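The structure appears right after this line, and notes come after that.
Quick caveat, the model's predicted, so the values are computed rather than measured.
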Amino acid sequence: MSDKFSNEWKRREFLQGMGSVAAGMALSGCGISADRSAKGLTEEASAVKPIVDSRTLEKPNLTVGYVPVNDCAPFAIAWKKGFFRKYGLNVQLNREASWATSRDGVIFGRLDASPVVSGAVTNARIGAEGARHAPLCAAMTIHRHGNAMTMNKAMWDSGLRPWHEYNGNLEEFGKQFRAFFDSQPSEKRVWAVVLSSAIYEYFVRYISAAAGVDPFKEFRVIIVPPPQMVTNIRIGAMQAYMVAEPWNTRAIQGNLGVGFTFVQGKEVWLGHPDRLLGVMESFIEENPKTYYSLVKAMVEACQYCSKPENRSEISALLTERSFTGAKPKKGAIDKFTRPAIVGDYNYGGFDEKDRTIQSEDATIFYDIPKNLPQIPGNHSTFMWQSQSIWLMTQAARWGQIKEVPKNAEELAKKAWRTDLYRKIVAEMGIDCPQEDYQVEPAELFIDKKAFDPSDPVGYLNSFEIRANRPQSFFQS
């Protein structure tokens with residue numbers, strides 16, 4: 001082993017150790033501990049008769065991670081309703097402190113599987129700056145949408161309002177956005193996201209650039225675990241953030257009153273993937289039968305979460321201490337988890353105006369809402385490899401890699417395993433699209449710029465605001 005490699009490895013070990021210390025501090029500071037993880041079998045799960053004999057599986061006992069945000073719903077349902085048990089699995093759910101620990105738990109073998117942000121699998125494959133370099137894989141999407149950008153009261157007072165009130169006028173928003181940051185000292189030009197490979201970071205930069213405001217010059221982006229977002233914006237550590245619900249709703253008027261929702265992620269890119277079921281490539285190779293069972297259980301859980309008649313039950317389940325812990329006062333409705341699950345979404349504000357909007361697509365778990373393109377056989381858990389390539393263009397645009405990889409299609413094929421997904425769900429009687437690529441129409445994006453996966457370099461070069469070289473990024 002060369003001295004250079006040895007020193008680099010020691011450096012990584014040190015940073016990982018510091019990450020563990022930070023995670024421990026986060027747990028302590030938020031009152032979150034490992035004993036909050038969902039344990040044992042529920043009464044409902046115990047009554048489920050398995051259709052797969054656990055003795056036929058290579059590894060029936062699994063440790064699966066989850067993060068305390070709304071999109072842990074399919075994991076909560078698979079555990080509570082017995083879908084894991086149905087497919088011969090004995091799953092211990094492990095509550096994770098952040099999206100970094102959720103990802104790293106899989107990479108370093110502490111977890112067998114865990115939800116990861118949609119960019120994590122791609123960026124692990126391409127070795128993007130700020131991401132672990134590892135052969136991560138995913139065969140299914142856990143959910144789409146279910147996230148939003150929150151701005152603080154000072155941004156409201158400066159004149160900024162929820163995006164839908166601008167009626168698509170990026171120029172008007174850009175002027176107000178730039179004016180706000182021009183009036184702030186450097187220490188008050190901070191935006192937080194959950195992980196450097198999260199689509200949230202790309203969205204924060206994307207919408208800023210679309211409005212003509214260079215995100216490299218106007219503000220910094222830092223990494224903060226989801227449960228710490230509201231506290232940090234309240235104490236002034238940052239002015240805005242993007243995260244999964246319920247941590248946006250927790251900040252709006254009528255809850256903690258420290259912010260308002262500027263935009264839901266679906267308004268930046270309608271239909272975007274948010275969370276994937278991440279595993280290591282070696283796990284699939286060594287445990288193919290187990291992996292089939294895991295994916296089947298999660299697909300059924302996503303189908304359950306997708307049904308409108310189940311949404312109220314799911315939002316109530318998510319308030320439990322084992323999941324988000326965002327519990328309302330006794331006897332009150334679950335006002336924190338409900339909006340993005342049921343669809344009665346309140347953008348908030350500080351003028352007492354009701355900004356509640358009803359929608360079917362606040363969080364998409366399986367069925368595709370009517371306002372999205374209707375493709376035969378398509379459903380939310382199906383992964384489009386072309387969307388993985390879009391994520392690569394953004395990693396290049398924001399300096400995490402020098403250029404779009406020349407073997408982008410090969411990397412997408414290895415990371416986003418549509419081949420496996422088709423085989424697995426075919427055994428469940430589920431049809432899928434036969435293509436792995438689709439053009440993302442212009443009307444789906446906030447800047448009305450279509451994405452054609454056949455020319456990712458041309459797409460990247462079409463943006464006036466982009467990085468010309470890798471930029472340093474905060475360790476996640």
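The environment of CD in Glu171 is sparse: at most 12 heavy-atom neighbours from other residues, nucleotides or ligands sit within 6.0 Å. The number of heavy atoms from other shown groups lying within 6.0 Å of NZ (Lys448) is above 12.
Nearest heavy atoms, Gly271 versus Arg144: O-NH1, 3.0 Å. Between Gly265 and Phe203, the shortest heavy-atom distance links the atoms O-CE1, 3.7 Å. A pairwise comparison of heavy atoms in Ser306 and Arg311 identifies O-NH2, 3.5 Å as the closest pair.
For the 3.5 Å distance criterion, the side chains of Ser118 and Asp274 fail to qualify, holding no donor opposite an acceptor. Between the side chains of Asn248 and Tyr241, no donor-acceptor pair of N or O atoms lies under 3.5 Å. Under the 3.5 Å distance criterion, with hydrogens and angles disregarded, no donor-acceptor pair is assigned to the side chains of Tyr345 and Gln358. Under the 3.5 Å distance criterion, with hydrogens and angles disregarded, a donor-acceptor pair is assigned to the side chains of Thr122 and Ser388. His272 and Asn147 are linked by a side-chain donor-acceptor pair at a separation below 3.5 angstrom, with hydrogens and angles left out of the test.
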Pair up each side-chain donor or acceptor in residues 229-240 with any protein partner under 3.5 Å, not counting sequence neighbours, and list the distances.
from   : atom 1 : to     : atom 2 : distance (Å)
Asn232 : ND2    : Gln228 : O      : 2.8
Gln239 : OE1    : Arg189 : N      : 3.4
Gln239 : OE1    : Val190 : N      : 3.0

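Taking the charged nitrogens against the carboxylate oxygens, Arg178 and Glu218 do have a contact shorter than 4.0 Å, which makes a salt bridge. Comment: Glu313 does not engage Lys80 in a salt bridge, judged by the lack of any side-chain N to carboxylate O separation of less than 4.0 angstrom.
The shortest distance between side-chain heavy atoms of Leu460 and Arg466 falls below 4.5 Å. Side-chain contact check for Val221 versus Arg205: some heavy-atom pair is nearer than 4.5 Å. Glu440 has its side chain within reach of Gln387: a pair of non-hydrogen atoms, C-beta onward, lies under 4.5 Å apart. Using a 4.5 Å heavy-atom threshold, the side chains of Ile364 and Pro369 count as touching. Within the 4.5 Å cutoff, side-chain heavy atoms of Leu318 are placed close to those of Cys72. Using a 4.5 Å cut-off on side-chain heavy atoms (C-beta onward), Val69 and Trp99 make contact. The side-chain heavy atoms of Phe84 and Leu93, taken from C-beta on, include a pair separated by under 4.5 Å.
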Requested in this report: With side chain to side chain donor-acceptor pair (under 3.5 Å) as the test, would you mind laying out the steps for Glu201 and Tyr206 before giving the verdict?
Outcome: CA-CA 8 Å; Glu201 183 223 340; Tyr206 191 100; over 6 Å; no
Query raised in the report: Between Thr42 and Lys81, does a side chain to side chain donor-acceptor pair (under 3.5 Å) hold up when you go through it step by step?
Result: CA-CA 8 Å; Thr42 65; Lys81 299 293 182 180; over 6 Å; no
Requested in this report: Decide salt bridge (charged side-chain N to carboxylate O under 4.0 Å, His left out) for Arg103 and Glu96; before the verdict, give the C-alpha distance in whole Å, the side-chain angles of both, and the deciding distance to 0.1 Å.
Outcome: CA-CA 10 Å; Arg103 174 200 62 192; Glu96 298 297 310; over 6 Å; no
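Screening Trp156, Phe180, Phe262 for a side chain to side chain contact (heavy atoms under 4.5 Å, CB included) involving Met151 leaves a single residue, Phe262.
Ring geometry for Tyr459 against Phe451 counts as perpendicular: the plane angle is over 60°, on a 0 to 90° scale with 30° as the lower cut. Between Phe323 and Tyr66, the ring-plane angle classifies as tilted under the 30° and 60° cut-offs. Ring geometry for Tyr421 versus His379: interplanar angle of 30 to 60°, hence tilted. Taking the six-membered ring for Trp and thresholds of 30 and 60 degrees, His164 and Tyr347 have ring planes more than 60 degrees apart, a perpendicular arrangement.
Judged by distance alone, with hydrogens and angles left aside, the side-chain atoms of Asn169 form a donor-acceptor pair with the main-chain N or O of Glu172 at under 3.5 Å.
Applying the ring pair (Phe, Tyr, Trp, His ring centres under 6.0 Å) criterion to Trp269, with sequence neighbours excluded, gives Trp390, Phe445. Phe75 is linked by a ring pair (Phe, Tyr, Trp, His ring centres under 6.0 Å) to nothing, counting only residues two or more places apart in sequence or in another chain.
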